[in-house]
Every structure is written in C-alpha cells, then in structure tokens.
Amino acid sequence: PKWLPKFIRQYSPGITTYLYNYLDDLSFREGFVSYEPFSVELQNGSELSYSISTNWQSLRETFSPVGIDILPGDYEYTSHRFSYFGDFSKKFALSAAYRFGGYFNGKLNNLSSSLRFAPIPHIQLTVDYEFNQLSDLGVERRKAETQLIGTELRLALNPRVQLISFLQYNTASDRTTLNSRFVWEYRPLSYVYLVFNDNRQDVFDSATGLTNSLRDQQGIFKVTFLKQF
C-alpha cells in the first residue's frame, strides 16, 4: 500500500493453521491457529513480525518434557511471539524470537537467537542459542530451565567441495553432540561423503549414586553415483 513508510517493502498479515488426527480412529490429536496481524519486510531485506497462537492438545499418554509429567487429557492454551529476521546477505546477520504464554497446563518463555558471520562466500560461522523457562507445569506444577547452544562452521573450497562441522550442547540432557562431514560432488549429482559423529552424555545412576560418562563415536563413508540415460 502507498501509505506504508518508504523503509517498508511489504506488509503481509496472515493466518496459519495445522490440525492433526490419530490414524487409528481419526480422533483429534493436536492443532493450532496462528494469527499474524503484523508482519513487515523492510527495504534492507530484514523482517519483523508478531503473532498470537491458540493451541489444542489431546494426550492419550503421559507426556514428559524435561522430566516433568503431564497427564493425558485435553489442553488449550495461547501464546504470543515476536520475531526479527536480519538481512543474511550481509557479513553479519542476526535473527531472534521471543515467545511467551501458555504451555499445556503451565507457562513457557522461550528465547531463541542466531548470529551468522560470513566474511567471504567460502567461510560461514553460525552461533545459535535457545533458552526455555517452564513454570507451573505438570502434575506437580514444577519449574525448569533449559539451554541449547550450537555452533556451525562451513568451509567451501568451491560449490562442489565443502567441510561442515556442527557442535551442540543441551543442558536438559547434559549432552554434547559433534557432527562433521566432508562432501565432494565429483560429478553432477554424484557425491563422496566422509562423516564423523561424536556424542557425549553424563548420566546419573541412582542405584550407585555415581555419574557415568557415556561416549558414542561413529565414522561413515558413502559414495553415490548417478548415471542419466
């Protein structure tokens, strides 16, 4: 519209809904309706938006996020979300979102952010952070906080040869995950993959009162060949 300020490229409000049913008897399982009255794209390519969502959940079994038991039953709750998505064509780019409101029979505050640095097209470093604060949740109306921290490094010799490494730490499960993969497209749509996975987790054994460190490592080599006739 012409009445928009010049720094705004596009204004696009909308409504999004998803509904899911159980396969065995087609009864309702979960769904939401999200209303987005404010969503603008700026001239520099960044975006700002606000949405409000109504959620419905029908649990047949106990659901236990981060060890908090939520009993079977029907739940309805509303949440709000503010988000900013930066211009990722720049060397530095930031995106962030804040969500607050209901979550089953309790409340949830969620903050997520992503910072990307790409000094040249061959190098890209991304750092992600997510914080969750739960309160008055479950049978015992418990509280909990979790954090998820991740970083990804992409190195590209050219579009056909890349090395990608991803490292993540989850405070809820006290788990550290590393994934590194080398990809070479040696001919169109034919690839060589070298993958290394490393998962580490500290688990408390209530029987012995000791904390055990678990470690799982995996190496994968894969070659694909595509022949077109």
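Fair warning: this is a prediction, and the values are worked out from it, not measured in the lab. These values consider heavy atoms only, across backbone and side chains, with no hydrogens, waters or symmetry-generated copies.
- In this structure, I52 and S34 have side chains that are not in contact, with every pair of non-hydrogen atoms separated by 4.5 Å or more.
- The distance from the CG atom of L115 to the CZ atom of F117 is 9.5 Å, given to the nearest 0.5 Å.
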### Message
Let's go through L153 and L155 carefully: what are the C-alpha distance in whole Å and the side-chain angles of both, what is the deciding distance for side-chain contact (heavy atoms from CB on, under 4.5 Å) to 0.1 Å, and is it a yes or a no?
### Response
CA-CA 7 Å; L153 177 64; L155 303 175; 4.1 Å; yes
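- One N or O on the side chain of T151 and one on the backbone of T126 form a donor-acceptor pair closer than 3.5 Å.
- At a threshold of 4.5 Å between non-hydrogen side-chain atoms, the residues E152 and I164 count as touching.
- The nearest pair of heavy atoms linking T54 to T78 is OG1-OG1, 4.0 Å.
- No hydrogens or angles considered: nothing links the side chains of S58 and R29 as a donor-acceptor pair under 3.5 Å.
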Contacts table for residues 5-12: side-chain donor-acceptor under 3.5 angstrom, sequence neighbours left out:
from : atom 1 : to  : atom 2 : distance (Å)
R9   : NE     : Q43 : OE1    : 3.4
R9   : NH1    : E41 : OE2    : 3.0
R9   : NH2    : Q43 : O      : 2.5
Y11  : OH     : P37 : O      : 2.8

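- One hydrophobic cluster, built from ILVMFWY side chains closer than 4.5 Å, cannot hold both Y193 and Y186; they sit in different ones.
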For a quick test of your reading: what N or O donor-acceptor pairs under 3.5 Å do the side chains of residues 218-229 make, sequence neighbours left out?
from : atom 1 : to   : atom 2 : distance (Å)
Q218 : OE1    : N197 : ND2    : 3.1
T224 : OG1    : Y191 : N      : 2.9

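- With a 4.5 Å cut-off on side-chain heavy atoms, V40 and F38 count as touching.
- In this structure, L111 CG and F82 CZ are separated by 13.5 Å, a value rounded to the nearest 0.5 Å.
- Between D74 and Q57, the closest side-chain pair of non-hydrogen atoms is not below 4.5 Å.
- Looking only at side-chain heavy atoms (C-beta outward), N109 and R99 stay at 4.5 Å or farther from each other.
- Around the CG atom of L23, the shell of radius 6.0 Å holds no more than 12 heavy atoms that belong to other residues, nucleotides or ligands.
- Each of Y22 and L19 belongs to its own hydrophobic cluster when Ile, Leu, Val, Met, Phe, Trp and Tyr are linked at side-chain heavy-atom distances under 4.5 angstrom.
- Shown here are the side chain to side chain donor-acceptor pair (under 3.5 Å) partners of Q217, two or more places apart in sequence or in another chain: D198.
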Working for salt bridge (charged side-chain N to carboxylate O under 4.0 Å, His left out), residues R187 and E185 = CA-CA 5 Å; R187 56 175 292 158; E185 187 179 11; over 6 Å; no
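- Separating the CG atom in D69 from the CD atom in E140 is a distance of 7.5 Å, to the nearest 0.5 Å.
- Side chains of L71 and V139 form a contact here, defined as non-hydrogen atoms less than 4.5 Å apart.
- For Y20, there are no side chain to side chain donor-acceptor pair (under 3.5 Å) partners two or more places apart in sequence or in a different chain.
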- Task: Evaluate side-chain contact (heavy atoms from CB on, under 4.5 Å) for S46 paired with L48, printing each intermediate quantity in order.
- Result: CA-CA 7 Å; S46 59; L48 291 167; over 6 Å; no
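- Panel note: side chain T17, backbone F32; a donor-acceptor pair is recorded below 3.5 Å.
- Put simply, the side chain of R81 never gets that close to the backbone of S53: no donor and acceptor are under 3.5 Å apart.
- Looking at every heavy atom in both residues, S89 comes nearest to R116 through N-NH2, 4.4 Å.
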Handout entry: Derivation of the side-chain contact (heavy atoms from CB on, under 4.5 Å) call for Q168 and F166
Key = CA-CA 7 Å; Q168 184 183 79; F166 178 74; 3.6 Å; yes
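- Nearest heavy-atom pair across I68 and L137 is CG2-O, 3.4 Å.
- What you find for G138 and I70 is that their closest heavy atoms are CA-CG1, 4.1 Å.
- Within the 4.5 Å cutoff, no side-chain heavy atoms of N199 are placed close to those of R215.
- Taking all atoms of both residues into account, the shortest heavy-atom contact from F28 to E30 is CZ-C, 3.3 Å.
- Checked by atom type and distance alone, the side chain of R141 pairs as donor or acceptor with a backbone atom of N105 at under 3.5 Å.
- One hydrophobic cluster, built from ILVMFWY side chains closer than 4.5 Å, cannot hold both W56 and F63; they sit in different ones.
- For the residue pair S39 / S49, no side-chain donor-acceptor distance below 3.5 Å is found, with atom types taken as modelled.
- To the nearest 0.5 Å, atom OH of residue Y103 and atom CG of residue D136 are 14.5 Å apart.
- Put simply, L163 and V192 are part of the same group of oily side chains (I, L, V, M, F, W, Y) that touch within less than 4.5 Å, one to the next.
- Residues satisfying the salt bridge (Lys or Arg N to Asp or Glu O under 4.0 Å) test with R60, not counting sequence neighbours, are D24, D25.
- A distance of 11.0 Å separates CD in E130 from CD1 in I149, rounded to the nearest 0.5 Å.
- With a 4.5 Å cut-off on side-chain heavy atoms, I15 and V33 count as touching.
- No option in S95, S112, S114, S113 other than S114 meets the side-chain contact (heavy atoms from CB on, under 4.5 Å) test with D128.
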message: Let's go through L108 and N132 carefully: what are the C-alpha distance in whole Å and the side-chain angles of both, what is the deciding distance for side-chain contact (heavy atoms from CB on, under 4.5 Å) to 0.1 Å, and is it a yes or a no?
response: CA-CA 7 Å; L108 169 65; N132 292 284; 3.9 Å; yes
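- Taking hydrophobic clusters as Ile, Leu, Val, Met, Phe, Trp and Tyr residues chained together by side-chain heavy-atom distances below 4.5 Å, V127 does not share a cluster with Y169.
- Residues satisfying the side chain to side chain donor-acceptor pair (under 3.5 Å) criterion with H80, sequence neighbours excluded, are Y50.
- The distance from the CZ atom of R154 to the NE2 atom of H122 is 15.0 Å, given to the nearest 0.5 Å.
- Ring geometry for F104 against Y75 counts as perpendicular: the plane angle is over 60°, on a 0 to 90° scale with 30° as the lower cut.
- In terms of heavy-atom proximity, Q162 sits nearest to P159 at NE2-O, 3.8 Å.
- A donor and an acceptor atom, one from each side chain of N44 and D87, are nowhere located under 3.5 Å apart.
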